[in-house]
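Notes for the one structure printed next.
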Amino acid sequence: MPLRIVFAGSPAAAVPSLRALAASPHQVVAVVTREDAPLGRKRILTPTPVAAAAEELGLPVLKANRITPLTDELAALQPDLGVIVAYGGLIREPLLSGPRLGWINLHFSLLPRWRGAAPVQRAIIAGDRVTGAMVFQLVPELDAGPVFAGFEHPIGANETAGHLLEVLAERGAELLAGVVDDLDAGTAVATEQTGEPTLAPKLELADGRLDWSRPAAELDARIRGTTPEPGAFALLDDGDRLKVLDAAIAHDDAPLAPGAFDVRGGRLLVGTGTDPLHLVTVHPAGKRAMPGDAWWRGRT
């Protein structure tokens, strides 16, 4: 018999899962998402991607930055299952055990590695070569519940957090839909997590700061891991902030002193603790994004 589902999610990464459930035999009785937020230079109030998708699908939407105040309203819907994908808030008792089958969570890491809000970004910054996604039973402890299903996915050498998250979101939606079907059929089996947990707290602006004295591989990973948000940047000698949108390790180029810039063969290089980095695309303060060498020629 189809399940009555409450879905909680906010960013674009949660939209494929919502669409998969909406297209399934199950009934999404409510979509919980965060409140509209001011975006862009004009600070226009904008609904979350999940809110926009839910309205397009004709699903009832509840907007709240904290889900706890909605406990009674959600309980009145008599859901069989709660599903959460990057909602941006915690599910606590009595809401946690309200649905007959509890809550399940699609998480974009190989648990127990990278429990927390930024698993994809932290995996890339740490230099992991493999990540994945898992669907687990929500418990009071952060991302610690038993796992129903998961998959591994390689991290490309040039892959950004934004691109990797898109791929995991699409594959994860299929994984999630399968687990929901198994729960409905009574065939789902969860296995306790094993291994030493690592934490993936939300990225702050400072996580994107580049220290040119560090090795090139570490800097490259930090740039990719903080793209598109919160963004990688370096502070210049005059105090200006230079955002680095795209870079590559220049393995075959002669070394440069850390922080020293040089244009070679039409490429802007910057010295690091090891190999130079080719700054492919940069975004200077108060200007548009541009090729690194064009920015350097204009500056000098």
Side-chain angles (χ1 to χ4, degrees), residues 3-24 26-37 39 46-71 73-74 77 79-92 95-96 98-99 101-109 111 114-121 132-139 142-143 145 148-150 161-162 164-181 183 200 202-203 228-229:
L3 301 178
R4 292 174 59 82
I5 296 173
V6 168
F7 181 90
S10 296
V15 171
S17 291
L18 176 60
R19 292 192 182 279
L21 293 177
S24 76
H26 309 289
Q27 182 183 5
V28 180
V29 296
V31 175
V32 182
T33 191
R34 294 179 70 84
E35 296 171 2
D36 296 0
L39 296 181
T46 306
T48 68
V50 162
E55 290 171 5
E56 173 195 326
L57 293 166
L59 299 173
V61 178
L62 300 173
K63 298 181 180 182
N65 290 341
R66 291 177 59 250
I67 199 170
T68 302
L70 301 178
T71 297
E73 189 170 354
L74 295 178
L77 297 172
D80 297 301
L81 177 68
V83 174
I84 184 167
V85 184
Y87 163 66
L90 298 176
I91 310 290
R92 294 189 171 91
L95 182 59
L96 183 60
L101 297 170
W103 287 75
I104 60 173
N105 184 191
L106 171 62
H107 186 75
F108 301 113
S109 82
L111 294 168
W114 304 126
R115 293 177 178 175
V120 173
Q121 297 93 325
M134 288 183 164
V135 177
F136 67 94
Q137 188 80 43
L138 215 62
V139 297
L142 178 67
D143 297 338
F148 288 105
L164 179 56
L165 189 54
E166 287 180 6
V167 174
L168 294 178
E170 292 292 342
R171 288 192 63 187
E174 297 179 16
L175 183 77
L176 176 68
V179 170
V180 171
D181 288 342
L183 286 166
K202 180 181 178 180
L203 293 182
E229 295 293 339

_Please find the pair of heavy atoms, one from Ala30 and one from Leu74, that lie closest to each other, and give the distance._
CB-CD2, 4.3 Å
*Quick one: closest heavy-atom pair of Val61 and Ala54, and the distance?*
CG2-CB, 3.4 Å
*Are any side-chain N or O atoms of Glu174 and backbone N or O atoms of Ala20, one a donor and one an acceptor, separated by less than 3.5 Å?*
no
*Any side-chain heavy atom of Leu106 within less than 4.5 Å of one from Val179?*
no
*Among Leu183, Leu175, Val83, which residue meets the side-chain contact (heavy atoms from CB on, under 4.5 Å) test with Val135?*
Leu175
_Heavy-atom closest pair, residues Pro47 and Ala51_ = CB-CB, 3.9 Å
*Can you list the steps and then say if Glu229 with Leu203 is a side-chain contact (heavy atoms from CB on, under 4.5 Å)?*
CA-CA 8 Å; Glu229 295 293 339; Leu203 293 182; over 6 Å; no
*Could you list the residues that satisfy side-chain contact (heavy atoms from CB on, under 4.5 Å) with Asp143, not counting sequence neighbours?*
Asn105, His107, Leu111, Arg115, Phe136
*With sequence neighbours left out, write down each residue that passes salt bridge (Lys or Arg N to Asp or Glu O under 4.0 Å) with Glu56, or none if nothing qualifies.*
Arg19
_Which residues pass the side-chain contact (heavy atoms from CB on, under 4.5 Å) test with Leu96, not counting sequence neighbours?_
Ile91, Glu93, Trp103, Leu138, Pro140
_Working to the nearest 0.5 angstrom, can you tell me the gap between Leu142 CG and Leu90 CG?_
7.0 Å
*Rounded to the nearest 0.5 Å, what's the gap from CG on Leu165 to CD on Glu170? Could you check?*
10.5 Å
*Can you name the nearest heavy-atom pair linking Val15 to Ala53, along with the distance?*
CG1-CB, 3.9 Å
*So how far is it from Glu166 CD to Arg171 CZ, rounded to the nearest 0.5 Å?*
15.0 Å
*For side-chain contact (heavy atoms from CB on, under 4.5 Å), just list the numbers for Leu59 and Leu18, CA-CA rounded to whole Å, side-chain angles, deciding distance to a tenth of an Å, and then say yes or no.*
CA-CA 10 Å; Leu59 299 173; Leu18 176 60; 3.9 Å; yes
*Straight-line distance of Leu81 CG to Gln27 CD, nearest 0.5 Å*: 13.0 Å
_Tell me the closest heavy-atom pair linking Pro119 and Ser109, and the distance in Å._
CB-CB, 3.7 Å
*Knowing that exactly one of Asp80, Val29, Leu95 qualifies, which makes a side-chain contact (heavy atoms from CB on, under 4.5 Å) with Val6?*
Val29
_Would you say that Asp181 contacts His26 through its side chain, given a criterion of any heavy-atom pair below 4.5 Å between the two side chains?_
yes
*Where the side chain of Arg4 meets the backbone of Leu77, is there a donor-acceptor pair that is under 3.5 Å apart?*
yes
_Donor-acceptor pair, side chain of Thr33 and main chain of Lys63, under 3.5 angstrom_ = no
*Once you round to the nearest 0.5 Å, how far does CG of Leu101 lie from CD of Gln137?*
8.0 Å
*Any side-chain heavy atom of Val85 within less than 4.5 Å of one from Phe7?*
yes
*Taking all heavy atoms of Ile84 and all of Gly89, pick out the closest pair and write down the distance.*
CD1-O, 3.9 Å
